[in-house]
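Heads up: the structure comes next, in structure tokens.
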2 protein chains.
Amino acid sequence: MGYSIGQVAKKTGLSVHTLRYYEKEGLLPFIRKTSSGLRVFSDDDINWLGMIECLKATGMPLKGIKQYIDWYHQGDSTLSQRLAMFQQQEQNIKAKMQELNTNLAKIQYKIRLYDAAVKQGSLDKAQQEPEFRAARLRLFGH
Amino acid sequence: MGYSIGQVAKKTGLSVHTLRYYEKEGLLPFIRKTSSGLRVFSDDDINWLGMIECLKATGMPLKGIKQYIDWYHQGDSTLSQRLAMFQQQEQNIKAKMQELNTNLAKIQYKIRLYDAAVKQGSLDKAQQEPEFRAARLRLFGH
DNA sequence: CCTTGACTTAGAGTATACTCTAGGTTTTAG
DNA sequence: CTAAAACCTAGAGTATACTCTAAGTCAAGG
């Protein structure tokens with residue numbers, strides 16, 4: 001039920017430095033401390049770290065995550081702000097996925113091109129092939 | 001055919017500061033300068049900036065992009081390194097897309113949950129509903 | 001010719017997110 | 001009881017990617 005900072009570091013893959021930094025930034029406001037000052041993480045705290053990872057991995061800065069935690073702290077009066085935040089984040093994720101898809105196509109063109117170039121020992125020769133000229137025009141517009 | 005740094009900034013959405021910074025970091029080694037020192041960007045340079053954006057948007061640090069440009073500069077002897085780099089980048093993109101998908105599902109759960117919470121005026125009440133308990137267990141494991 | 005705006009370099013400053021160090025305290029295993 | 005491992009705080013240092021400033025040069029319109 002109670003974990004030390006080192007145990008949490010192992011569990012989450014974050015360093016103890018990072019965990020202390022997150023607490024200092026207000027991202028872990030629920031952590032208890034023993035009378036002698038040692039942090040004691042609960043299962044709830046681990047779950048919070050999971051949510052922090054989720055928001056971080058989808059591009060939210062720590063300040064944005066802190067805002068969410070502050071709203072959570074303020075209780076049900078901030079439900080609509082939190083809903084709006086998640087809706088915005090959904091849009092951000094979808095836009096990022098779109099962008100990744102577009103750029104994946106460009107990278108995959110480069111893989112096909114360089115595959116041909118390696119086989120022929122020349123990038124110029126490969127680039128001259130009609131197949132690659134057409135794909136380049138379609139993907140890069142030149 | 002030749003563009004000033006200001007024209008390129010408008011074209012690409014990057015600032016003139018950023019363009020100079022990229023040149024300083026070795027990301028734009030082909031740019032010509034007039035006898036009086038002004039940068040003249042060619043269409044090829046604009047295309048390079050497009051590739052830089054593509055690699056940057058898919059998570060490659062500027063150092064990695066510089067490595068690619070250095071390999072390009074060295075000619076056909078580095079074709080296989082460049083191929084390997086693009087293949088690695090493809091894997092990175094696919095992993096990132098996977099991660100985004102997983103986290104999108106979590107965010108969308110939160111949207112459904114907060115939507116219900118806003119309607120009821122209480123997060124606790126919404127969280128108690130069997131539908132949300134089940135989804136939470138599936139997505140977050142708790 | 002002159003002013004205005006865009007350009008130049010070198011170097012300093014900023015934001016974000018860690019990451020580490022120093023010096024000290026607490027816990028745990030033998 | 002003691003030594004090693006793990007913990008603590010405060011604050012400094014690092015990496016990345018810009019972003020801006022100062023002081024000056026260049027180019028185009030009137």
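Quick note on labels: first sequence line is chain A, next is B, and so on, each numbered from 1.
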For this session: Identify whether NZ of Lys or CZ of Arg in B/Lys10 sits under 6.0 Å from the centre of the six-membered ring of B/Phe41 and within 45° of that ring's axis.
Result: no
For this session: Test salt bridge (Lys or Arg N to Asp or Glu O under 4.0 Å) on A/Glu99 and A/Lys96 and set out the steps.
Result: CA-CA 5 Å; A/Glu99 195 188 18; A/Lys96 185 73 189 164; 3.7 Å; yes
Problem set entry | Minimum side-chain heavy-atom gap B/Tyr21-B/Leu27 below 4.5 Å | no
Seminar exercise, completed: Whichever of A/Ser35 and A/Ser15 has the more 5' nearest nucleotide on DNA chain C, that residue is A/Ser15
Seminar exercise, completed: A/Glu25 atom CD is separated from C/dT16 atom P, nearest whole Å, by 10 Å
Problem set entry | Spacing of A/Met60 atom CE relative to C/dA17 atom P, expressed in whole Å | 11 Å
For this session: Identify which nucleotide among D/dC18, C/dC20, C/dA17 has an atom closest to any side-chain atom of A/Pro61, counting heavy atoms from C-beta outward.
Result: C/dA17
For this session: Please determine if a side-chain N or O atom of B/Tyr21 lies less than 4.0 Å away from the OP1 or OP2 oxygen of D/dT16.
Result: no
Exercise. Can you check side chain to side chain contact (heavy atoms under 4.5 Å, CB included) on B/Gln81 and B/Gln74, steps first, answer last?
Worked result: CA-CA 11 Å; B/Gln81 283 100 313; B/Gln74 286 167 47; over 6 Å; no
Please write out the pairs of protein N or O atoms and N or O atoms of nucleotides 7-11 of chain C separated by less than 3.5 Å, giving the distance to one decimal.
unit_1: C/dC7; atom_1: OP1; unit_2: B/Ser4; atom_2: OG; d: 2.8
unit_1: C/dC7; atom_1: OP1; unit_2: B/Gly6; atom_2: N; d: 2.9
unit_1: C/dT8; atom_1: OP1; unit_2: B/Arg39; atom_2: N; d: 2.7
unit_1: C/dT8; atom_1: OP1; unit_2: B/Arg39; atom_2: NH1; d: 2.9
unit_1: C/dT8; atom_1: OP2; unit_2: B/Arg20; atom_2: NE; d: 3.2
unit_1: C/dT8; atom_1: OP2; unit_2: B/Arg20; atom_2: NH2; d: 3.2
unit_1: C/dT8; atom_1: OP2; unit_2: B/Arg39; atom_2: NH1; d: 3.2
unit_1: C/dT8; atom_1: O5'; unit_2: B/Arg39; atom_2: NH1; d: 3.4
unit_1: C/dT9; atom_1: OP1; unit_2: B/Lys33; atom_2: NZ; d: 2.6
unit_1: C/dT9; atom_1: OP2; unit_2: B/Arg39; atom_2: NH1; d: 3.0
unit_1: C/dT9; atom_1: OP2; unit_2: B/Arg39; atom_2: NH2; d: 2.6

Exercise. Between C/dA6 atom C1' and B/Leu19 atom CG, what is the distance in whole Å?
Worked result: 14 Å
Problem set entry | Spacing between A/His17 atom NE2 and D/dA12 atom P, to the nearest angstrom | 17 Å
Exercise. From the list D/dT19, C/dT19, D/dC18, which nucleotide is the closest neighbour of the side chain of B/Lys56?
Worked result: D/dC18
Seminar exercise, completed: Picking from C/dC18, D/dT19, D/dA17, the nucleotide nearest the side-chain atoms of B/Leu62 would be D/dA17
For this session: May I have the distance from A/Leu28 (atom CG) to C/dC18 (atom P), rounded to whole angstrom?
Result: 12 Å
Exercise. Taking CD1 from A/Ile31 and C1' from D/dT9, how many angstroms apart are they, rounded to a whole number?
Worked result: 15 Å
Exercise. Same cluster or not: are B/Ile69 and B/Met51 linked, directly or through other Ile, Leu, Val, Met, Phe, Trp or Tyr residues, by side-chain heavy atoms under 4.5 angstrom apart?
Worked result: yes
Exercise. Rounding to a whole Å, what distance do you find between A/Leu14:CG and C/dC18:C1'?
Worked result: 11 Å
Exercise. When rounded to the nearest 0.5 angstrom, what is the spacing between OH in A/Tyr109 and CD in A/Glu131?
Worked result: 9.5 Å
For this session: Calculate the interatomic distance between B/Ile52 atom CD1 and D/dT16 atom C1'; express it in whole Å.
Result: 16 Å
Exercise. Can you tell me if B/Asn92 and B/Gln89 form a side-chain donor-acceptor pair at under 3.5 Å?
Worked result: yes
